[in-house]
Amino acid sequence: MEGVSAPSGPFQALPPQVDLPALEHEVLEQWATDKVFARTLEGAADRPQWVFYEGPPTANGRPGTHHIEARAFKDVFPRFKTMQGYHVPRRAGWDCHGLPVEIAVEQELGFAGKPDIEAYGIAEFNARCRESVERHVGAFAELTDRMGYWVDMSTAYRTMDASYIESVWWSLKQVFDKGLLVESHRVAPYCPRCGTGLSDHEVAQGYETLVDPSVYVRMPVTTGEWAGQADLLVWTTTPWTLPSNTAVAVHPDVTYVVARPAGDDAGRPLVVAEPLLTAALGEGAQVLARTTGRDWERTHYQRPFELVDFPDDVETHYVVLAEYVTTEDGTGLVHQSPAFGADDFAVGRAYGLPVVNPIDPTGHFTADVPLVGGHFFKAADPTLVQDMVDRGVLYREMRYEHSYPHCWRCHTPLMYYAQPSWYIRTSEIKGQLLAQNERTHWYPENIKEGRFGDWLNNNVDWALSRDRYWGTPLPIWRNDADPSRMVVVGSLAELSELTGRDLSDLDPHRPFIDDVTFTVDGEEGTYRRVRQVIDAWYDSGSMPFAQWGAPHRNKAEFEAAYPAQFIAEAIDQTRGWFYTLMAVGTLVFEQSSYENVLCLGHILAEDGRKMSKHLGNILEPMPLMDRHGADAVRWFMLAGGSPWSARRVGHETLSEVVRKVLLTYWNTASFFTLYAETNGWDPAATPAPPRAERPLLDRWALAELASVTDGVTRALEDFDTQTAGRLIAEFVDDLSNWYVRRSRRRFWDGDPAALGTLHEVLDGLTRLMAPFTPFVTERVWRTVVAPGLPDAVDSVHLATWPTVDAEARDDALVEQMTLVRRLVELGRSARTSAKSRTRQPLARALVAAPGWSQLPRDLVAEVADELNVAELTELAAVGSSLVDVSVKVDFRAVGRRLGKQVQAVAAAVAATDAAGLVADYRAGTATVPVDGTDVPLVEGDLIVTETPREGWTVASAGGLTVALDLTLTPELERAGLVREVVRLVQEARKTTGLAVSDRIELWWTGEDAAARALTEHGEQVAAEVLATSVHAQTAGDGEGLEGPAGSRIWITRATA
RNA sequence: GGGCGUGUAGCUCAGGCGGUUAGAGCGCAUCCCUGAUAAGGAUGAGGCCGGAGGUUCAAGUCCUCCCACGCCCA
């Protein structure tokens, strides 16, 4: 463009080519320099607050592409709400504690378990954990910044900070004071060799196939109707748990039978579930009685082994009811040993059964147990089985192959083992949780009653404590002389008071906190902290207050920002953060912490599987953004498919986003600036005329913008980025491929109506897109939108959300344009089927379409011009004798009105003469005979398709018809020739690198039709191609271009 | 084993309240248009809408069962 002198306006041309990732880095620098994010917050400080909580990512391991998903949603709505005029503070947070961090550090240090950690030193170990967290936080911060997620990381909360821990302590004290924090036993997977419990995650890694004995044991009934006359038949694959058998569970609603196996007339009959009768006792068993499980409750039996002492003061060894009992395998009677099974434990607790455990923490039976004392637990199986055989209590023994959890480190089979543990009795507040859930808006809705509702309905107490190191220490101090005396500490200040020394600067982590002890006047003994730390999920569930250090600090700020209007995470958080956030809020404040929650599906690799190192299908997030741009990745996450479905991400999909959405948008903006600059357009000096005076096409673009603005706003209010994105993408396409294409000439001419309209539309569109694609819209705002606005803010993210321009909205016009575009499609289709090039002008076309007669002349002209046809005539005007009519019913309309009669009406319509019926139909008097009565047809009941009889090329669809007259006159042929020459010259201009405004000289040679055409239309050609002079029948320099009909063309740039 | 979700063209995905020729984009083939475009348009090949029953005048859509995959829980 250099060297072209043009009138100067405020716009500078944007290049049509753009490197989006490079642009994004420039924009990032600009944001940093101009402190744009901070200004969006400062400027809104006095506005109504819209509260968003950032769920802290666990800072162990590097961030993956799936982290972009949740972070895109966490960004788009705050941006939207900010533009709408809310104050949306956004504070980042990091989840720092927990077993994953410990395991990562253990692996770094090559540790094999807790003894290694203890030997290394807890202080040193925790220091390594802290260091690991800080390292990983850096990687997350980098990702956050690069993707344009605006969240304040300078004030990020960290769950390992002392102020955070103090808030968590405070909340636990509230829970304790309500009597909901209690110590109890917990049955958990446990490795007897390593002496440590395993997390679920660890257990999942260690399943191995194992062959266990499968034994059916007789337990004689000792009370009730069948006392001494029947045996319970109990199945188990863990004989080693039988010495501690405490009860037998049956399902309350299953039918149980007392039956005698075929051919066994002497032995006592057996009790089994009816559905398992054949499986357990074989064919032909004789059924003596039949009753439901409920009726067996509290029937006592004789236990299989007398090796272990049970307390005398509680009843044991009777039948209990349990819903979890199935009739899939075994006998439908399940042996209960509360020390070794989570279900057993829960059932036992409901019945007040004791937890009897003859096995020590190393996995061996204690020495005082007869028969198997000192045996490793599984090694005791054969001895126990043989003993039962000898005593005749074993009904049957088989081998059973199944997958069983093993320690992933040492491959020892795990025990489910009761360990003392601290619980929050969330089951006590189940009703409150359900009520809070009822008030919560879930997106998608089905989570509320489905996955999450089920989880709440089956709520079990929260096992809060962990026998680990790197976590928030459980703030319970217990008197070593009287363990029933406990003090729960709510802050370091309280602890200082209790100990009488200033502990305000103490690191509240282990091991330092473990050394803090105190005494209470008048009491014996010393208060020492219990050794456990707490579940890291409780940390994150406390973030609404703990991020402020509340209530010790910032109490007012916390209260003003509780609860949140909005949170968003992936679906795996249903039982994670979504639950803990609601549970902690309800426990402490009797109110859930959030009102709206968006629950996202997972991001999968291109092959539809989870991304994993093992499969080698990982897409690293940073390289992905540097290849396609963060805007493209964000757009995909927000608008590429349903947010709550699992979605596949890949390079193809992303480059499609770039081409279809981002570059189309960019090019429209670039096109605008090209002609705004070339023509020196200045809206202040030459504003667009009032809307009513602008061409229909301009008014259409503005009407579409109004309608899209309305739709996008509504969709985002409903947290529906997919619909919003679809509306935007369609509008971008319409704008580029219809409005701009149809308006090109007016832009070349610098028409202020066209330039003004496009500027207005780009303004609105850029604001609508800003929350989705903050980078490219920022650049367009600064270089395309702002220069044309008086007093424009310097960032689109400081701009206001567009309101719907009610005056511009024109749904009738939108509808008419839709008709125009459909007719154009049909015309093109007809052209193609006749192999008639659009470049060849035709004399006329016929059109049949509902609403055609009301179409404004300007829009008719659009169709004619687009199809390159001189004249368009309504088909009806040709005369019905030349037209075929076909007709069918609109099932939707008729079906809704007449129900099942619709089929008969359709048949009757088909049987009636179409031409006559259509004439009556248009006069409003049409009826068809159905079952002897005449059924009237009203407007909208029929789809009428009219086609000319012959001599035309026709395309029709959906009641619309376009027919082309292909007759070519010499005049039309010459007009076609001229179009051909113009196109050739334009092509040549482009390929030789001429600027759009460069003038040229043109030479041509040709004979006959070509000569005549170029002579006749010389001026038109010159005007089209910006030729200052045309040298007819004169060869230029060189080869020139081969034109149509034997002509030849030469061009050179005109010297000014 | 249970709960929830998903299954539509080779690929990625749309398909308010059920309405009779199931759509779009990518990719492929042929052609067209083009002085913003990495674009646009037309035609074609490519679909038992996971399978089987059922409800209905009418089912991709509603119901039941089954299959596959995913997530969560056992």
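The chains referred to below are lettered A, B, ... by the order of the sequence lines, with proteins before strands, and numbering in each begins at 1.
- Look at A:K660 and you won't find any side-chain N or O under 4.0 angstrom from OP1 or OP2 of B:A24.
- One can place CD of A:E656 at 5 Å from C1' of B:C26, the figure rounded to the nearest angstrom.
- Using a 4.0 Å heavy-atom criterion, one finds that A:V740 contacts the bases of the nucleic acid, with or without backbone contacts as well.
- As rounded to whole Å, 13 Å separates atom C1' of B:G41 from atom CZ of A:R831.
- In this structure, A:E825 atom CD and B:C32 atom C1' are separated by 15 Å, rounded to whole Å.
- Distance CG (A:N679) to C1' (B:A36): 14 Å, rounded to an integer number of Å.
- Nucleic acid contact for A:Y675: sugar-phosphate only, since backbone atoms but no base atoms lie under 4.0 Å from a heavy atom of the residue.
- Less than 6.0 angstrom separates the ring centroid of A:F578 from the ring centroid of A:W442.
- A straight line from CZ of A:R828 to P of B:G40 spans 12 Å, rounded to a whole angstrom.
- For A:S829, a side-chain nitrogen or oxygen approaches OP1 or OP2 of B:U43 to under 4.0 Å.
- Between the A:R1053 side chain and the A:I1000 main chain, no donor and acceptor come within less than 3.5 Å of each other.
- One N or O on the side chain of A:T933 and one on the backbone of A:V930 form a donor-acceptor pair closer than 3.5 Å.
- Listed pair A:W748 / B:A36 meets the phosphate criterion, a side-chain N or O lying under 4.0 Å from OP1 or OP2.
- Salt bridge A:E866/A:R828: present, at least one basic N to carboxylate O contact under 4.0 Å.
- A salt bridge links A:E730 to A:R726: one of the charged nitrogens lies within less than 4.0 Å of a carboxylate oxygen.
- Candidate nucleotides B:U20, B:C33, B:U12 were compared by shortest atom distance to the side chain of A:R839, and B:C33 ranks first.
- The residue among A:F671 and A:R726 whose nearest nucleotide of RNA chain B lies closer to the 5′ end is A:R726.
- If you check B:G25 for Watson-Crick or wobble pairing at under 3.5 angstrom, you find it paired to B:C11.
- As rounded to whole Å, 17 Å separates atom P of B:U37 from atom CG of A:D733.
- The distance between atom NE2 of A:H651 and atom C1' of B:U12, rounded to the nearest whole Å, is 15 Å.
- Using a 4.0 Å heavy-atom distance criterion, A:S655 is classed as making no nucleic acid contact.
- In this structure, A:R714 pairs ionically with A:D710, as a charged nitrogen and a carboxylate oxygen lie closer than 4.0 Å.
- Separating the CZ atom of A:F452 from the P atom of B:C72 is a distance of 16 Å, rounded to the nearest angstrom.
- For A:R979 against B:U34, a side-chain-to-base donor-acceptor contact under 3.5 Å is absent.
- Note on A:R837: a side-chain N or O is less than 4.0 Å away from OP1 or OP2 of B:C32.
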- Message: Determine whether A:D344 and A:S337 satisfy the following criterion, side-chain hydrogen bond (donor to acceptor under 3.5 Å, both in side chains), listing intermediate values before the conclusion.
- Response: CA-CA 6 Å; A:D344 312 36; A:S337 181; 5.6 Å; no
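- Considering only side-chain N and O atoms, A:R821 lies nowhere under 4.0 angstrom from the phosphate OP1 or OP2 of B:G41.
- Counting only heavy atoms from C-beta on, A:N737 has its side chain closest to B:G40 among B:C17, B:C33, B:G40.
- Residue contacts for A:V824: at a heavy-atom cut-off of 4.0 Å it reaches no nucleic acid atom on any strand shown.
- A sub-4.0 Å separation between OP1 or OP2 of B:A39 and a side-chain N or O of A:R659 is present.
- Figure legend. B:C4 is base-paired to B:G70; pairs are counted as Watson-Crick or G-U wobble with both atom distances under 3.5 Å.
- The C1' atoms of B:G54 and B:C72 are separated by 32 Å, rounded to the nearest whole Å.
- Base pairing of B:A39 is not made with any nucleotide, judged by Watson-Crick or G-U wobble geometry with both donor-acceptor distances under 3.5 Å.
- At a cut-off of 3.5 angstrom, the base of B:A36 holds at least one donor-acceptor pair with the side chain of A:S736.
- Within the nucleic acid shown, A:Q901 has no heavy atom closer than 4.0 Å to any nucleic acid atom.
- In terms of position on RNA chain B, the residue among A:D890 and A:V1025 whose nearest nucleotide sits closer to the 5' end is A:D890.
- OP1 or OP2 of B:A58 has not a single side-chain nitrogen or oxygen of A:Q903 nearer than 4.0 Å.
- Put simply, A:R744 has a side-chain N or O that comes within less than 4.0 Å of OP1 or OP2 on B:A36.
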